[in-house]
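Okay, so here's the structure we're looking at.
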There are 2 protein chains.
Amino acid sequence: MLSGMTSLPHPHADQIELAHVLSALGDETRLAIIGLLAQGEQDAMTCSQFLHLGSKTGLSYHLAKLREAGLVRVRPEGTKRMISLRRADLDRRFPGFLDSIIACQAARPKPGTQA
Amino acid sequence: MLSGMTSLPHPHADQIELAHVLSALGDETRLAIIGLLAQGEQDAMTCSQFLHLGSKTGLSYHLAKLREAGLVRVRPEGTKRMISLRRADLDRRFPGFLDSIIACQAARPKPGTQA
DNA sequence: CGGTTTGTTCAACGATCATTGAACAATTGA
DNA sequence: TCAATTGTTCAATGATCGTTGAACAAACCG
């Protein structure tokens, strides 16, 4: 039923701080999450799709960090959370930044991708 | 006299890690240092030129972090240290990244700059 | 030589971090 | 209703962080 209601706290685009974004990305696990969100064909993913990166609890922690820093948007949908990259907001705030990160991250061998 | 001898350990350009760079920049003081290095007309600065950002000891700590992450090059010269941004290395490794950071940082009101 | 400048090292401190496991909450589906 | 799914919260732990002050080191200047 009713799909509105952004329940979890997200910073407004204008109050996304560069230092917060940078330190949120200064962790391999979170960087990998952003990489997956960026190159995934789907624009939203669920927490469980990142389970190969760590424990359920750990992911909850890391995703909260990414959300608080303004990197991802989390929209509850049933018992799941739809997680998406805040591309437009980040591009507007820090032009070119996200793309440069993603480009470098895309060149990475992902654990679990092909042999 | 004799000016060679890079004494302090620096990562080679190829082994600069994105996550390390990001977490090094995830601190307001260090971000400010990079901003000053980037927009300064001089290509090298001494530690004492950053004293308005913190204590002598604190700066030594932060500059070591930046050096270890591969963001700056530190060249001893007499009793001073000449600190410079590793622009070329960073651009080659993470194209567009540094510029996007600097652009955002340049738009910042620097403490101590005009009234 | 002695003193000054410039910066590093060390030990300490409180704060935050990332990880773990157990317990909980909410929705879905039979 | 009962069980499974999906994810959060909490407390605990060890590690790392950023800051401080005192002591040290090295080059320079007189």
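Values below: every heavy atom of this structure, side chains too, minus hydrogens, waters and symmetry copies. As the structure is a computational prediction, the values presented were derived from the model and not from experiment. Chain A is the first sequence line, chain B the second, and so forth, proteins listed ahead of strands; every chain is numbered from 1.
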message: Any salt bridge linking Arg73(A) with Asp89(A)? Criterion: basic side-chain nitrogen under 4.0 Å from a carboxylate oxygen.
response: yes
Nearest-Å distance for atom pair CD1/C1', residues Ile33(A) and dG7(D): 14 Å
- prompt: Atom NZ of Lys56(A) to atom C1' of dA18(C): distance rounded to whole Å?
  reply: 18 Å
message: Both Gly78(A) and Gly54(A) contact DNA chain C. Taking the nearest nucleotide for each, which residue is further toward the 5' end?
response: Gly54(A)
task: Rounded to the nearest angstrom, tell me the gap between atom CZ in Arg81(A) and atom P in dT5(D).
output: 17 Å
- prompt: For the pair made of CZ in Arg75(A) and C1' in dT27(C), what is the distance, rounded to whole Å?
  reply: 16 Å
message: From CG of Leu59(A) over to P of dA18(C), roughly how many Å is that when rounded to an integer?
response: 13 Å
- prompt: Separation of Leu51(A) atom CG from dT20(C) atom P, in whole Å?
  reply: 13 Å
query: Does Ser60(A) make a side-chain N or O approach to OP1 or OP2 of dT8(D) shorter than 4.0 Å?
result: yes
- prompt: Within the structure, does a side-chain N or O atom of Lys65(B) lie under 4.0 Å from either OP1 or OP2 of dC17(D)?
  reply: yes
query: Does Ser48(A) make a side-chain N or O approach to OP1 or OP2 of dG7(D) shorter than 4.0 Å?
result: yes
Nucleotide nearest Thr57(B) (side chain, heavy atoms from C-beta), chosen from dT9(C), dC17(C), dT20(C): dT9(C)
message: How many whole angstroms separate atom CZ of Arg67(A) from atom C1' of dG7(D)?
response: 12 Å
query: Looking at His62(B), does any N or O in its side chain come under 4.0 Å of the phosphate oxygens OP1/OP2 on dC17(D)?
result: no
- line: Between the CZ atom in Arg67(A) and the OG atom in Ser60(A), the distance rounded to the nearest 0.5 Å is 8.5 Å
